[in-house]
There are 2 protein chains.
Amino acid sequence: MAISFTEENYLKVIHRLSEATSEDISTNAVAELMQTKAASVTDMLRKLAEKGWVNYQKYQGVRLSVEGEKIALSIVRKHRLWEVFLVDKMGFNWDEVHEIAEQLEHIESDQLINKLDEYLGFPKTDPHGDPIPNKEGILPELAYSHLSDIKATKTCKLMGVAQDSAVFLQLLTKLNLSLGAKLDIQEINEFDRSIFVSINDASPIFISHEVAKNILVKILA
Amino acid sequence: MAISFTEENYLKVIHRLSEATSEDISTNAVAELMQTKAASVTDMLRKLAEKGWVNYQKYQGVRLSVEGEKIALSIVRKHRLWEVFLVDKMGFNWDEVHEIAEQLEHIESDQLINKLDEYLGFPKTDPHGDPIPNKEGILPELAYSHLSDIKATKTCKLMGVAQDSAVFLQLLTKLNLSLGAKLDIQEINEFDRSIFVSINDASPIFISHEVAKNILVKILA
DNA sequence: AATAATTTTTAGATTAACCTAAAAAATAAA
DNA sequence: TTTATTTTTTAGGTTAATCTAAAAATTATT
């Protein structure tokens, strides 16, 4: 069935909200991410439900149907593969690619996206460490920890970020924090929950709790 | 000023029609290429004129303004660069890329298109031999002959095609006619204007006038 | 449990891009 | 130069996606 860019964006947003919770997604939550009004969302949810892509009962919130989930994952797949292309092949920085990928994710051609996947060497994650769903729409669950959740002095590897905003990514770049960076936690301060950490064996610096919350790491030792 | 996909497509179509003639473009001609009705075209032409992208007087036809020409050429540039990408990097055949490029040409990012240009090695023509406008929107005029216009037994090189339809391109592929192919004209038949020609030194075959009209060549000898 | 606050939905409009049918203008033919 | 034909425009409507304002349902608070 034909799908519009707008419908694709709604499915993508509902999918993103569903990842964070097992509860139904509220109209307001969708409205906020779609940067639109709740009334518009209500209209669209009814339409998406008619097309069979979401389960929606009025006043009860919404969730993706199996079919809707499939569509959402194919958009995520396209978005993340294009991000890899933009960084690996076009030479963009990781904080510059989100907006362009938002456009490219709507290009419709299974053949193209599978050829692109191959051309990029079947990458497992995008430049922010987010996993890329495969052709069958299966998204490997990567169980990484939030740096902010770590309670002891450990050595970790930066595997991803929980936020794609340019300001955040630029801050990480300034701190020399990129995918794969080694983090030696020296101290965790109870007072402001800031972390004193050495990055790639450099002299340790302070990282705020706010930043640590958005950094995903694998614990090495 | 903001521009919609639809507006971009109208400007592209008006540009294409303007290349073939120096006269003003008729509403009906635009309607046919846009696959829409004349009444819809009238509405859009008024809108495009208000935005300053075309010069339009009712009942007098339309032509691009300087600004409109600039926009149209930037779309053509994007379309043709993406076609090169699809063929050279993604491994598509020249008859498979038009529809995908129709989507990709609307991606908005000057940075991306200039990086893509560089990545592809600043190609001069697309996979069909059509010239690619440069960053400044200047389209090099390539003066090639239509194979059908050649009146004597000559040796030529295939430089482009005047049509991008998949059926036509697939026929050329079947005849072993690709960009750069050598054509030795053996005979031109007065009766049906068909051409008896050797392709890359193979044994000569007949090519219809209809096909020859859509083949662009450089005369070598 | 009743009331207050919040969330969500309905009702009615708006805009972009399209449509059909009819009117008007331009062009071609008698 | 009238008349006929074709082209183009106008008038009025439709659909998708949005909006504001008001009504209804849900949730939270006394």
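The analysis underlying the following values was restricted to heavy atoms, covering all of them including side chains, and did not include hydrogens, waters or symmetry mates. By convention in this document, chain letters (A, B, ...) are assigned in the order of the sequence lines, proteins followed by strands, and residues within each chain are numbered from 1.
No side-chain heavy atom of B:Lys135 sits under 4.5 Å from any side-chain heavy atom of B:Asp117.
Close to D:dT9, at under 4.0 Å from its OP1 or OP2, lies no side-chain N or O of B:Arg46. The shortest distance between the side-chain N/O atoms of A:Thr42 and the OP1/OP2 oxygens of C:dT10 is not below 4.0 Å. Residue A:Asn28 places at least one side-chain N or O under 4.0 Å from the OP1 or OP2 atom of C:dT8. Between C:dC19 and B:Thr36, a contact under 4.0 Å exists linking OP1 or OP2 to a side-chain N or O.
A heavy-atom distance below 4.0 Å to DNA chain D is reached by none of the residues of residues 5-20 of chain B.
Considering only the side chain of B:Lys37, C:dT20 comes nearest among C:dT20, C:dT10, D:dT18.
Rounded to an integer number of Å, the gap from B:Gln60 CD to D:dT8 C1' is 11 Å. Taking atom CD on B:Glu23 and atom C1' on D:dT7, their separation rounds to 15 Å, with Å as the unit. Atom C1' of nucleotide D:dT10 and atom CE of B:Met44 are separated by 17 Å, given to the nearest angstrom. Distance B:Asp24 CG to C:dT27 C1': 16 Å, rounded to the nearest Å. Atom CG of A:Asp43 is separated from atom C1' of D:dA16 by 10 Å (rounded to the nearest Å). Here the C1' atom of nucleotide D:dT10 and the OH atom of B:Tyr56 are 11 Å apart, to the nearest Å. One atom, NZ of B:Lys51, and another, P of C:dT15, lie 14 Å apart when rounded to the nearest Å. Atom-to-atom, CD of A:Gln35 to C1' of D:dC19 comes out at 16 Å; the value is rounded to the nearest Å.
Taking the six-membered ring for Trp and thresholds of 30 and 60 degrees, A:Trp82 and B:Trp82 have ring planes more than 60 degrees apart, a perpendicular arrangement.
B:Asn189 places no side-chain N or O within donor-acceptor distance of the main-chain N or O of B:Phe191, the cut-off being under 3.5 Å. The closest donor-acceptor contact from the side chain of B:Asp126 to the backbone of B:His128 lies under 3.5 Å.
Annotation: of the two residues near DNA chain D, A:Tyr59 and A:Ser40, the 5′-most nearest-nucleotide partner is A:Ser40.
Around CD of A:Gln163, the count of heavy atoms belonging to other residues, nucleotides or ligands within 6.0 Å exceeds 12. The neighbour count for A:Lys154 NZ, taken as heavy atoms of other residues, nucleotides or ligands under 6.0 Å away, does not exceed 12.
The ring-ring contact (aromatic ring centres under 6.0 Å, His included) search around A:Tyr59 returns none, not counting sequence neighbours.
Counting non-hydrogen atoms under 4.0 angstrom, B:Thr27 reaches the backbone sugars and phosphates but no base.
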